[in-house]
Peer 1: 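I have a structure I would like to understand better, so I am pasting it below and will then ask my questions one at a time.
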2 protein chains.
Amino acid sequence: MKNPIADLNKIFDSRIRLGVMSMLVVNDEIGFNDLKQMLELTDGNLASHLNTLEQADFIKVHKGFIGRKTSTTYSITALGKQAFKAHLDALEKMIRKL
Amino acid sequence: MKNPIADLNKIFDSRIRLGVMSMLVVNDEIGFNDLKQMLELTDGNLASHLNTLEQADFIKVHKGFIGRKTSTTYSITALGKQAFKAHLDALEKMIRKL
DNA sequence: TATTTAACTTTGAAAAACAAAGCACTTTTA
DNA sequence: TAAAAGTGCTTTGTTTTTCAAAGTTAAATA
């Protein structure tokens, strides 16, 4: 037997980051506010988790405008997609014994 | 849309507790030392996570002897099995959109 | 008798999570 | 046009969580 949790990505231990990633896998772009409302978080809390994800190059920020109003959106990177998939695979492998 | 992480159990945010549970789902009983070696943890660290799981009534301790030597083993409870399954279902639901 | 092993508990430090407040800017509302 | 509100943060400080290390008790082994 080998350590069943060794292949889990530490970044995805967080339910919030897991939630962000799962939303970004199915939506090309999501706004800060949408994420905030969906995950029911405070600004600061969300911002810091997004920051962790950005540092890891798992997501990318897009600063733009809707008309003349600022709008920040996020999207997943290729690396992020890969890492997330690897994490899910590890999770699945861990529990497939069920 | 609804909050995708609302149904995840906070207790299973921890990779270690996740690992313990996944091992206990497939093995009726596992010893302290086996868990420790498998998950590569220090005594104190493992003990405290087991304690969290026990407080939640997700696992049960069995203190016994092998000969006259103490031997502690752990097993999953019905509640634990249910909670773990619910967590995995929530996880699956969250990512099934893939 | 000295050391080792098992299974912890206690202590304390480091890291992570989080809420609240502040901020710069813009837009909307009164 | 002045006040209020929204966007997307950063900063600050508290609380929670994680974890390793050391101490502990009792039995086993050398």
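Each chain gets a letter, A, B and so on, in the order the sequences are listed, and its residues count up from 1.
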Peer 1: How about F84(A) and F58(A): are their ring centres within less than 6.0 Å of each other?
Peer 2: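 Ring centres of F58(A) and F84(A) not closer than 6.0 Å.
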Peer 1: May I have the distance from H62(A) (atom NE2) to dG8(D) (atom C1'), rounded to whole angstrom?
Peer 2: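 So the two atoms are 15 Å apart, to the nearest Å.
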Peer 1: When you get a sec, tell me which of dC18(C), dC9(D), dA7(C) is the closest nucleotide to the side chain of H49(A)?
Peer 2: dC18(C)
Peer 1: Using whole Å, report how far CG of N51(B) lies from P of dT9(C).
Peer 2: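 In whole Å, dT9(C) P and N51(B) CG are 6 Å from each other.
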Peer 1: Which residues in residues 39-48 of chain B have at least one heavy atom lying under 4.0 Å from any atom of DNA chain D?
Peer 2: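 DNA chain D contact set from residues 39-48 of chain B: T42(B), G44(B), N45(B).
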Peer 1: Under 3.5 Å, is there a donor-acceptor pair between the side chain of D34(B) and the main chain of I30(B)?
Peer 2: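 No, because the side chain of D34(B) does not come within donor-acceptor range (under 3.5 Å) of the backbone of I30(B).
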Peer 1: Atom CG of L53(A) and atom C1' of dA17(C): how far apart are they, to the nearest Å?
Peer 2: 15 Å
Peer 1: To the nearest angstrom, how far is F32(A) atom CZ from dG8(D) atom C1'?
Peer 2: 5 Å
Peer 1: Quick one: D13(A) CG to dT18(D) P, roughly how many Å, whole number?
Peer 2: 9 Å
Peer 1: Angle class for the F32(A)/Y74(A) ring planes (parallel below 30°, perpendicular above 60°, tilted otherwise)?
Peer 2: tilted
Peer 1: Do the side-chain N or O atoms of Y74(A) get closer than 4.0 angstrom to the phosphate oxygens (OP1, OP2) of dG8(D)?
Peer 2: no
Peer 1: Is the shortest side-chain N/O distance from R15(B) to OP1 or OP2 of dT18(D) below 4.0 Å?
Peer 2: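 Answer is no, no contact under 4.0 Å.
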Peer 1: In whole Å, I'd like the distance from the CD atom of Q55(A) to the P atom of dC9(D).
Peer 2: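 It is 13 Å, rounded to the nearest whole Å.
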Peer 1: In whole angstrom, give the distance that lies between atom CD of E54(B) and atom P of dC8(C).
Peer 2: 9 Å
Peer 1: Taking only side-chain N and O atoms of T72(A), does any of them lie within less than 4.0 angstrom of OP1 or OP2 on dC9(D)?
Peer 2: yes
Peer 1: So, the side chain of T77(B) versus the backbone of D57(B): is there a donor-acceptor pair under 3.5 Å, distance only?
Peer 2: yes
Peer 1: Can you see if the side chain of N33(B) gets near the phosphate of dT5(C) - specifically, an N or O under 4.0 Å from OP1 or OP2?
Peer 2: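 For dT5(C), neither OP1 nor OP2 has a side-chain N or O of N33(B) closer than 4.0 Å.
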Peer 1: Is the phosphate of dC8(C) approached by K63(B) (side-chain N or O, under 4.0 Å from OP1 or OP2)?
Peer 2: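 Looking at the OP1 and OP2 atoms of dC8(C), one of them is under 4.0 Å from a side-chain N or O of K63(B).
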Peer 1: Could you work out which one of dA17(C), dG8(D), dT18(D) sits closest to the side chain of S14(A)?
Peer 2: dA17(C)
Peer 1: Would the distance check show the side chain of R17(B) and the main-chain N or O of L50(B) forming a donor-acceptor pair, the cut-off being under 3.5 Å?
Peer 2: no
Peer 1: If we ignore hydrogens and angles and just use 3.5 Å, is the side chain of H87(B) paired with the main-chain N or O of N9(B) as donor and acceptor?
Peer 2: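 Checking the backbone N and O of N9(B) against the side chain of H87(B), a donor-acceptor pair under 3.5 Å is found.
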Peer 1: Is N3(A) reaching over with its side chain to a backbone N or O of I5(A), donor-acceptor style, under 3.5 angstrom?
Peer 2: yes
Peer 1: Measure NZ/K10(A) against P/dA14(C) and give the value in whole Å, please.
Peer 2: 18 Å
